[in-house]
Every structure is written in C-alpha cells, then in structure tokens.
Amino acid sequence: MSLHEAYEADLVVIGSGVAGSYAALAAAELGAKVVMVTKRGLLSGATPWAQGGIAFPVGHEDVEQHLYDTVKAGRGLSDPDVTGEILKESLDHLRSLIEKGMRFDPGLAREGGHSRARVMHAGGDRSGLFLLNFLHQHLQSRIKILENRFVFQLATDDNGVSGAYYLDGSKRVGVVKASATLLATGGSGQLFGVTTNPGEATGDGIALGFGAGCVIRDIELIQFHPTALLDGTLVSEACRGEGAKLINAAGEYFMGGYYPEAELAPRDVVARAVDTEIKKTGGVFIDLSSIANFEEKFPTVFASIKALGLDSRSEPVPIAPAAHFQMGGIRTDSEGRSGVPRLYAAGEVGSTGLHGANRLASNSLLEGLVMGARSAACAAKELEPISTLGIADPTEANGITHVGRAEIQKIMSESASIVRTGPELESGLDRISAIGYLPSLDSFEIENSNLALVASCVLRGALAREESRGSHYRSDFPETSEVIFHVEQSLDGLKTVIC
Ligand SMILES: Cc1cc2nc3c(=O)[nH]c(=O)nc-3n(C[C@H](O)[C@H](O)[C@H](O)COP(=O)(O)OP(=O)(O)OC[C@H]3O[C@@H](n4cnc5c(N)ncnc54)[C@H](O)[C@@H]3O)c2cc1C
C-alpha cells in the first residue's frame with residue numbers, strides 16, 4: 001500500500017474531543033511534538049454535545065462526598081482509589097483552566113445521583129462546546145492537527161505500537177509514526193438505533209485496541225439516558241435537577257414510586273422506570289413548565305423541542321431512553337497505560353474504574369480532562385527515541401459491505417437494550433457472528449466492522465454477566481451478585497475477574 005503522506009511525532013493523539021485535546025495541550029506544554037488526528041472536523045465526537053456540564057468537587061472538602069456519590073452510582077464496580085485520585089486531581093485542572101482564561105457560568109447545578117449542587121456550566125447548556133473551543137484556541141499553533149483522517153490501523157513493531165495509519169477522504173493512506181499513541185476516540189453509541197451520540201461514536205478505538213492486544217473491560221455496561229427526545233436529542237439531566245417532572249401517558253407522576261429521590265434517582269433507575277412506564281401506559285413525557293427562564297438556561301434543549309414543532313412551556317414533551325455512554329472500554333491503569341507498550345487510552349474509550357456499572361452525571365468530561373493530562377504526562381515520561389521505532393506495513397482493514405449499519409443497530413436494539421435476557425443475547429450474538437467481512441479502504445464500511453466487533457463484545461459480556469448491576473439489567477438474573485467481578489475480553493478470549 002503506498003503512502004500519500006507521513007508525519008513523525010513524540011505523541012500521536014487520535015481524537016479531538018475533551019480527552020484528546022486536553023492531552024495534546026498537556027503534552028505540548030511538556031515540550032512534546034504532538035500530532036492530533038481526527039476522523040471528521042475538530043468539533044467531532046460527543047464533547048461538543050455535552051449539555052449538562054462538568055461535575056467538579058466543590059473544593060477539597062467535597063472530594064470525599066463526590067467520591068461517595070460516584071462509587072454509589074457505580075454499584076460496586078468503581079475503583080475507589082483511582083476514582084478518589086481523579087476527583088482530587090480534577091481541582092488542579094479546574095484551577096489551571098480558569099487561570100488560562102476559561103469562563104464558567106456563575107453558580108452550580110445539581111444533577112441526578114449527586115448529593116449536592118457541584119456541576120459547573122459554561123455557555124448555559126453548551127458546556128462541552130465552550131470547553132472544546134477554548135482548548136482548541138490554545139492548541140492551534142502548538143501542534144499539528146490532521147482533520148478528516150480516519151485511523152483504521154495502529155502501526156506496530158516487535159516491541160509495541162509505533163503510530164497510526166489513516167485514510168483521507170480520497171482513500172489515500174497516511175501514517176503518523178510516533179513514540180507514543182493515545183486513543184481518545186470516544187464511545188460507541190452508534191451500536192443502537194436510538195442514541196444521543198454523534199455519528200462518529202462507532203467504537204473505533206475499542207476495535208483498534210482489541211486488535212492490538214488490549215483488554216476490553218466491562219463493555220457490556222452501557223448507560224441509557226432516560227430522557228431523550230424521540231429523535232435521540234438529549235434533554236439534559238440538569239432539567240430534572242431544576243425541577244422537571246416525568247409523567248406517563250395516563251397523566252401520572254410516577255418516579256416517586258420507583259425511588260425516594262424521584263426524578264433525581266440515578267440514571268439506570270430512571271431509564272428502567274421510563275422503559276417500564278412506556279411499555280405499561282404507551283408513553284412518557286417530561287414536564288418542563290416549572291423551570292423558570294427555561295429558554296435561557298437550556299437554549300439547546302429549548303431549540304431542539306421547538307424544532308420538533310412542540311412548545312415546552314405549554315405541554316409535556318414525549319421522551320424515551322437512548323444509548324448514551326459506554327462505561328467500560330480499554331482497561332488502563334491510573335496513568336492511561338493500556339498494557340500494550342507505547343499505547344495509551346483516555347476519555348470514554350478507556351476504562352479506569354471511575355464509572356463502575358453506572359456513570360454519575362457529568363463525571364465524564366472531568367475524567368476526560370484528568371486522564372487526558374495523565375496519559376500525556378505518562379507518555380512524555382516514557383518516550384523512546386523515534387529512530388529506534390520500526391513500523392510494519394499497513395494491511396487492508398476489514399469492512400462490511402453487505403450488511404447496513406441499520407441492521408447492526410436493529411440487532412443490538414432487539415437483543416442488548418435496557419432489559420436483557422440470555423436467549424435474546426444469544427440470538428443477537430448468532431446474528432452478529434453471521435456477518436461476513438471483506439477487505440476495504442472505505443471508512444464507513446470499516447466503521448461498520450468496528451461496530452460489529454464491539455457489538456459482539458457487548459453481547460458476550462452481557463451473557464457472561466449473569467446478574468443485574470447498574471445499567472446492566474437481566475430480567476432472567478434480576479439480583480445483583482454478591483461476588484463483584486469485571487468481564488474482560490481480549491484476543492485470548494473472555495474471562496471474569498473477581499474484584
Ligand atoms: C448528547 C450528550 C450529552 C452529554 N452531556 C454530558 C455532560 O453534560 N457532562 C459530561 O461529563 N458528559 C456528557 N456526555 C458524555 C461526554 O460528552 C463524553 O463522554 C465525552 O465528551 C467523551 O469525550 P472523548 O474525548 O472521550 O471523546 P469524544 O468527544 O467523543 O471525541 C472522540 C474523537 O475521536 C475521533 N475519532 C473517533 N474514531 C476515530 C478514528 N478512527 N480516527 C480518527 N479519529 C477518530 C472523533 O472524530 C472525535 O474527534 C454527553 C454525551 C452526549 C452524547
């Protein structure tokens with residue numbers, strides 16, 4: 001395969017969301033030569049869509065309580081040591097962002113699962129976009145940015161990963177040879193037909209990491225956001241924090257019957273309640289009429305509702321749960337090391353142990369910042385001279401041509417959604433396993449094959465997790481197992497690891 005372009009770097013960052021951008025900035029500040037590759041524009045990925053904000057502990061005195069809330073939501077699968085470190089360190093990054101000129105809105109918001117108001121916003125409900133624009137302004141002149149380049153393969157030598165191969169829009173192949181490679185590729189919400197995630201969320205980083213020998217941990221744990229508009233657009237959790245109520249099609253406020261804190265219950269509880277009430281009464285609606293100054297506080301939500309021809313001030317708006325966040329991912333240590341030499345992972349693609357079986361609202365931008373910075377610092381410390389790296393030639397990737405993305409999403413929605421059963425998961429796995437692959441240099445087809453690989457990991461993991469925990473609910477195993485375990489998958493197969 002001939003190469004159209006080639007770059008060299010100390011660190012190649014794959015992804016321009018919060019984790020990738022903050023890592024790139026941190027590495028550049030440490031003097032590293034950085035190339036950042038992103039498969040669409042700089043504002044691709046989930047980060048610019050983040051509405052709710054960032055949950056920082058309210059000073060050092062709140063770290064313990066934030067840790068308690070996070071671990072409680074994680075239902076036994078969060079690692080309290082790593083979580084505590086990340087939360088504590090987040091305050092340094094908050095300070096550093098403010099010193100660099102990042103402007104947060106005054107006041108703090110409270111969201112579901114948080115025992116107090118601690119969520120910071122920027123630009124109302126455009127927190128992710130504001131943060132990302134801010135990071136990109138600081139990055140532009142300091143690193144090389146390659147947009148519209150789809151990474152389809154990691155470059156390797158005998159000792160580990162040595163960079164990344166990508167395709168440009170004309171299917172030409174390029175490479176960044178690098179002493180360290182960071183996967184910051186975000187999540188995999190496109191596994192499901194109804195998702196809050198952008199089109200880029202196709203699990204590419206999981207597939208790349210899996211192929212390189214990483215351990216994929218707890219990937220079956222997928223958070224479904226309880227309140228999406230029927231086109232998948234998110235109605236932020238913060239709306240419920242501000243007093244929005246859920247009503248079923250029979251006109252009843254029902255959340256109080258499911259959880260003492262009603263609308264402020266953790267996401268998995270609200271998502272299952274909404275799913276149950278939709279099945280029971282035919283629909284669920286969100287009543288936003290009690291939120292003062294709703295249009296100013298939630299301009300994005302207001303506009304999305306308006307675009308559907310509805311008026312949130314005068315009528316409750318129909319909602320449904322949607323695939324939202326991948327709790328599991330590439331298992332990393334607390335510095336972002338993936339276990340494969342020279343390969344790091346940060347942000348939604350990684351599994352540090354922070355989110356456990358259920359992410360606490362607004363904890364993921366925080367994790368992206370801290371783990372982006374930590375991975376960059378660790379990589380910068382461990383850099384090998386580029387002259388010592390080898391690089392194997394790229395090979396054509398697997399693509400799926402004969403099965404559309406909609407078919408994969410249908411299989412997953414039918415077999416691995418909010419309420420799961422063994423037979424449905426088995427059937428989903430059979431259908432995904434029957435898909436055939438062809439060599440391809442088409443990024444959409446390669447994304448589909450990445451989705452199919454992640455789908456099979458989700459289905460296998462969900463089958464192995466014969467219990468209900470956090471976001472994972474098996475109606476044939478409704479109890480939470482007393483034995484707490486991780487499900488780990490790699491090229492060597494699947495194993496459960498007791499915590
Ligand atoms: C609608 C919505 C609202 C949310 N609200 C909040 C919130 O209020 N607070 C909060 O904390 N979290 C929120 N989240 C979750 C949070 O936004 C994400 O978890 C977080 O932004 C992920 O950041 P990331 O940097 O890991 O990945 P992303 O921001 O998803 O970025 C991934 C990047 O990788 C690139 N990429 C992917 N594959 C490839 C490839 N093969 N080659 C090259 N580039 C590639 C993409 O183009 C993109 O640039 C929300 C998520 C959604 C979808």
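Whatever order the structure lists ligands and atoms in, that order sets their numbers, starting from 1.
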Exercise. Where on T202 is there a heavy atom closer than 4.0 Å to ligand 1, on the side chain, on the backbone, on both, or on neither?
Worked result: neither
Exercise. Going by the angle between their ring planes, with limits at 30° and 60°, are F152 and Y165 parallel, tilted or perpendicular?
Worked result: tilted
Problem set entry | Check: F56 ring centroid to H66 ring centroid under 6.0 Å | no
Exercise. With a cut-off of 4.0 Å, which atoms of ligand 1 are near a heavy atom of A184?
Worked result: 32 (C), 33 (C), 34 (O)
Exercise. Heavy-atom distance to atom 52 (C) of ligand 1: which of H324, Q153, Q326 wins?
Worked result: H324
Exercise. What distance do R469 atom CZ and L221 atom CG have between them, rounded to the nearest 0.5 Å?
Worked result: 9.0 Å
For this session: Output yes when K72 and D69 qualify as a salt bridge under the 4.0 Å nitrogen-oxygen rule, no when they do not.
Result: no
For this session: Identify which of L234, L360, N148, L365 has a heavy atom lying nearest to atom 11 (O) of ligand 1.
Result: L365
For this session: Would you mind listing which atoms of ligand 1 come within a distance below 4.0 Å of any non-hydrogen atom of D204?
Result: 38 (N), 39 (C), 40 (C), 41 (N)
Exercise. Does at least one non-hydrogen atom of R359 fall below 4.0 angstrom from an atom of ligand 1?
Worked result: yes
For this session: Within a distance under 4.0 Å of any heavy atom of W49, pick out the atoms of ligand 1 and give their elements.
Result: 1 (C), 2 (C), 3 (C)
Seminar exercise, completed: Under 4.0 Å from one or more heavy atoms of F325, ligand 1 contributes atoms 19 (O)
Exercise. So does K39 pair up with E200, basic N to acidic O under 4.0 Å?
Worked result: no
Exercise. For atom 39 (C) of ligand 1, which candidate among E200, K39, E237 provides the closest heavy atom?
Worked result: K39
For this session: Could you list which atoms of ligand 1 come closer than 4.0 Å to a heavy atom of G347?
Result: 26 (O)
Problem set entry | Check: E335/S375 side-chain N/O donor and acceptor closer than 3.5 Å | no
Problem set entry | K171 with E396: basic N within carboxylate O range, under 4.0 Å | no
Mind listing the side-chain donor-acceptor pairs of residues 291-298 below 3.5 Å, one per line with the distance, residues two or more places apart or on another chain?
from	atom 1	to	atom 2	distance (Å)
E295	OE2	R313	NH1	3.0
K297	NZ	E242	OE1	3.2
K297	NZ	A292	O	3.3

Exercise. Heavy-atom contacts under 4.0 Å between Y166 and ligand 1: side chain, backbone, both, or neither?
Worked result: neither
Exercise. Can you tell me the protein heavy atom closest to atom 6 (C) of ligand 1 and the distance?
Worked result: A50 CB, 3.4 Å
For this session: Looking only at protein heavy atoms, identify the closest one to atom 22 (C) of ligand 1 and say how far it is in Å.
Result: E348 OE1, 3.8 Å
Exercise. For residues Q190 and T195, is any side-chain donor paired with an opposing acceptor at under 3.5 Å?
Worked result: no
Problem set entry | Ligand-residue contact atoms, ligand 1 with G52, heavy atoms, under 4.0 Å | 7 (C), 8 (O)
Exercise. With backbone taken as N, CA, C and O and side chain as the heavy atoms from C-beta onward, which portion of S21 lies under 4.0 Å from ligand 1: side chain, backbone, both, or neither?
Worked result: neither
For this session: Taking only heavy atoms of A19 into account, list the atoms of ligand 1 that are under 4.0 Å away from them.
Result: 25 (O)
Problem set entry | Per-atom contacts of ligand 1 with F150, taking only distances under 4.0 Å to non-hydrogen atoms | 41 (N), 42 (N)
For this session: Could you list all the salt bridge (Lys or Arg N to Asp or Glu O under 4.0 Å) pairs where at least one residue sits in residues 3-17, not counting sequence neighbours?
Result: E5-R149
